2 protein chains.
Amino acid sequence: MTTMRAVQQQVHAKEDYDAFLAVCPSRQLLDRISNKWVVLILCALGGASPQTGASEGPRTMRYSELSRLLAGVSQKMLTQTLRSLERDGLLTRTVTPTVPVTVSYRLTDLGLSLHHLTREIRNWAQAHMGEVLAHRDDYDAVAS
Amino acid sequence: MTTMRAVQQQVHAKEDYDAFLAVCPSRQLLDRISNKWVVLILCALGGASPQTGASEGPRTMRYSELSRLLAGVSQKMLTQTLRSLERDGLLTRTVTPTVPVTVSYRLTDLGLSLHHLTREIRNWAQAHMGEVLAHRDDYDAVAS
DNA sequence: GTGGCTTCTTCCCGACGGGAAGTAGCTCTC
DNA sequence: GAGAGCTACTTCCCGTCGGGAAGAAGCCAC
């Protein structure tokens, strides 16, 4: 089974994926990870500290922890996004039958590799916020 | 005016932006750039070749070129996304009064700095497509 | 057995995005 | 000079996606 998957993976890797093509699977994958909740979840589970954005390695987080950290996410979207990330092999979902039940999420190696990119996206947003705000002021001033 | 903006920018840079907070401006910026059309437009204008994903420096592209390259984008979304990127100072929009009119778009330095990240996102999607597909097969097989 | 805790799931509805058609300005044809 | 044609939008309609709130499941404390 594992060998079959490895072979399948190699075959897939040999294909010429082009994310610009609407029909290409990599385009659909790109569409899915270019999503604000995906980026924020990966940032959170990667262990990035809120202020520095530095990564201290993957963290195991409970559903309620994520819900609290990602201000504004609805329960529906959080659950839905976590499930799709689990399906894609980016994170693992572990249910511990305590009372009440505990569900914890943790990045896989694959998820961690993507986390490095989303972390940089987040750092970019925080670092260039001032520039962007200044440009918006200019644009709006000219437009008015 | 320019000095005022520079000062404003410094002030903004000193604040502790935290993209996890829903009210933080950097969170809204992150929400905007975590968008499939934004990522694809930045990839296209950065000059990434469809197959290798390597960047050859910023390209100037016409509206129709972008429309053709980004398969599946609606005219409405393309225009809307380009406008918001222009407003944020990530690209410039140039109208040349030829007949018919020519409108060209080009990344600014700020846009180029973000392009480097989106290009890696795209490369990641294309590189790990096989792994993700394999994980999906596993997940769906277990679920059934 | 009622309330409470966590992790979802379901329902309703408003907002966002796709598709197609309409617009503007100019040029070329007939 | 009326109509077609070209690019780059803009507008309208409508389906789908996402937010908000309430319900469900499973178990324990009181």
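Not measured: the values here are computed from a predicted model.
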Between B:Y17 and B:P25, the two heavy atoms sitting closest are CE2-CG, 3.8 Å
Per the under-4.0 Å heavy-atom filter, residues of residues 94-105 of chain B near DNA chain C come out as B:V99, B:P100
To the nearest angstrom, the CG-P distance between B:L40 and C:dG17 comes to 15 Å
Show me the donor-acceptor pairs within less than 3.5 Å that the side chains of residues 96-105 of chain B make with the rest of the protein, sequence neighbours left out.
unit_1: B:T98; atom_1: OG1; unit_2: B:P100; atom_2: O; d: 2.8
unit_1: B:T98; atom_1: OG1; unit_2: B:T102; atom_2: N; d: 3.4
unit_1: B:T98; atom_1: OG1; unit_2: B:T102; atom_2: OG1; d: 2.7
unit_1: B:Y105; atom_1: OH; unit_2: B:R93; atom_2: NE; d: 3.4

Note: B:S113 and B:L110 closest approach over all heavy atoms is OG-O, 2.6 Å
Evaluate the side-chain hydrogen bond (donor to acceptor under 3.5 Å, both in side chains) criterion for residues B:Q126 and B:R122: first the C-alpha distance (whole Å), next the side-chain angles of each, then the deciding distance (0.1 Å), finally the verdict.
-> CA-CA 6 Å; B:Q126 294 182 177; B:R122 172 166 172 247; 3.2 Å; yes
Can a side chain N or O of B:W37 be found less than 4.0 Å away from OP1 or OP2 on C:dG18? yes
Practice task
Keeping the roles fixed (side chain from B:D88, backbone from B:L90), state whether a donor-acceptor pair exists under 3.5 Å.
Solution key: no
Residues pairing under side chain to side chain donor-acceptor pair (under 3.5 Å) where one sits in residues 60-74 of chain A, two or more places apart or in two chains, turn out to be A:T60-A:R106, A:Y63-A:T79
**Q.** Student check: side-chain heavy atoms of A:L114 and B:I121 closer than 4.5 Å
**A.** yes
Here the pair of heavy atoms bringing A:I33 nearest to A:V39 is O-CG2, 3.8 Å
From the list A:L107, A:L69, A:I41, A:L91, side chain to side chain contact (heavy atoms under 4.5 Å, CB included) partner of A:M61 resolves to A:L69
Between CZ of A:R62 and C1' of C:dT6 the distance, given in whole Å, is 7 Å
Students should find that the nucleotides of DNA chain D closing off the region near chain B, any atom under 4.0 angstrom from a heavy atom, are D:dC6 to D:dC12
query: Below 4.5 Å, heavy atoms only, C-beta onward: do B:F20 and A:L40 meet side chain to side chain?
result: yes
* B:S84 backbone acceptor or donor facing B:R32 side chain under 3.5 Å -> no
Students should find that the end-to-end axis angle of the helix from C:dG1-D:dC30 to C:dC30-D:dG1, with five pairs defining each axis and rounding to 10 degrees, is 30°
Would you check if the side chain of A:R136 reaches a backbone N or O of B:R87 as a donor-acceptor pair within less than 3.5 Å?
no
Within residues 71-91 of chain B, the residues having a heavy atom closer than 4.0 Å to DNA chain C are B:S74, B:Q75, B:K76, B:M77, B:Q80
Any donor-acceptor pair under 3.5 Å from A:S26 side chain to B:M129 backbone:
no
